[in-house]
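Here's the structure, in C-alpha cells; my notes come after.
Whatever order the structure lists ligands and atoms in, that order sets their numbers, starting from 1. Just so we're clear, the structure is a prediction, and the values are computed from it rather than from any experiment.
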Amino acid sequence: MDNKTKTKKAILMCTCSFACPSMKDINFGELAERIRLELPHDYMLLHPRLCEENGENLLADLLKDNVTYVTPACKEEKQKKLLRDGFQRAGVNMNSNWKPVSISFKNTETAFNDIKKALEEIK
Ligand code: SF4
C-alpha cells in the first residue's frame with residue numbers, strides 16, 4: 001500500500017515489563033499522557049512485552065495495512081527481530097508500515113521528543 005492511502009498513525013509502546021534497567025528513567029504514565037495530550041496520532045496502546053506470545057497474538061490480531069505503527073521499545077535492530085513474527089502473522093509489511101523508536105537509555109523527555117519526531121516523519 002502506498003503512503004497516499006495510509007490513513008492512520010498508531011503508537012504501540014512496549015514497556016519491557018516496566019522493569020528493564022535501560023528504561024529506568026522513563027515514567028511511562030507521564031510519557032503516555034503527554035503523548036495523548038500533545039502529539040497528533042490516531043491511537044496508542046501500551047503493552048508490557050510485545051515480543052512474547054500474547055504480544056505477538058495482539059500484533060497478529062491488531063495490525064492493519066492502512067496504519068503506520070510507531071513502536072517505542074528496545075533498540076531498533078532488536079525490535080526488528082522480535083516484532084517480525086507479529087507483523088508477519090498480521091500480513092503487514094514492516095518496511096512500509098513500521099517506524100521503530102528506541103527508548104533504551106532515554107528519559108521521559110528524550111523518549112517523548114524521539115516519538116514526536118517519528119510521528120512527524122510519517123507522510
Ligand atoms: S520488544 Fe523489546 S522492549 Fe519489548 S519486551 Fe521485548 S525486549 Fe523488551
**Result of checking Leu12, Leu39, Ile122 against Val70 for side chain to side chain contact (heavy atoms under 4.5 Å, CB included)** =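 Among Leu12, Leu39, Ile122, the one that satisfies the side chain to side chain contact (heavy atoms under 4.5 Å, CB included) with Val70 is Ile122.
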**Asked** Does Glu121 CD have over 12 foreign heavy atoms under 6.0 Å away?
**Response** yes
**Request:** Could you tell me whether the side chain of Arg34 reaches within less than 4.5 Å of the side chain of Leu31, counting heavy atoms only?
**Result:** no
**Listed partners of Asn27 passing side chain to side chain donor-acceptor pair (under 3.5 Å), at least two apart** =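 By the side chain to side chain donor-acceptor pair (under 3.5 Å) rule, Asn27 matches no residue at all.
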**Request:** Could you give me the CA-CA distance, side-chain angles and deciding distance for Glu120 and Lys116, then say whether salt bridge (Lys or Arg N to Asp or Glu O under 4.0 Å) is met?
**Result:** CA-CA 6 Å; Glu120 287 168 354; Lys116 179 171 188 249; 3.6 Å; yes
**Hydrophobic cluster identity match, Trp98 and Tyr43, side-chain contacts under 4.5 Å** =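 Both belong to a single hydrophobic cluster.
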**Complete:** For atom 6 (Fe) of ligand 1 the protein N, O or S atom count under 2.8 Å stands at 1
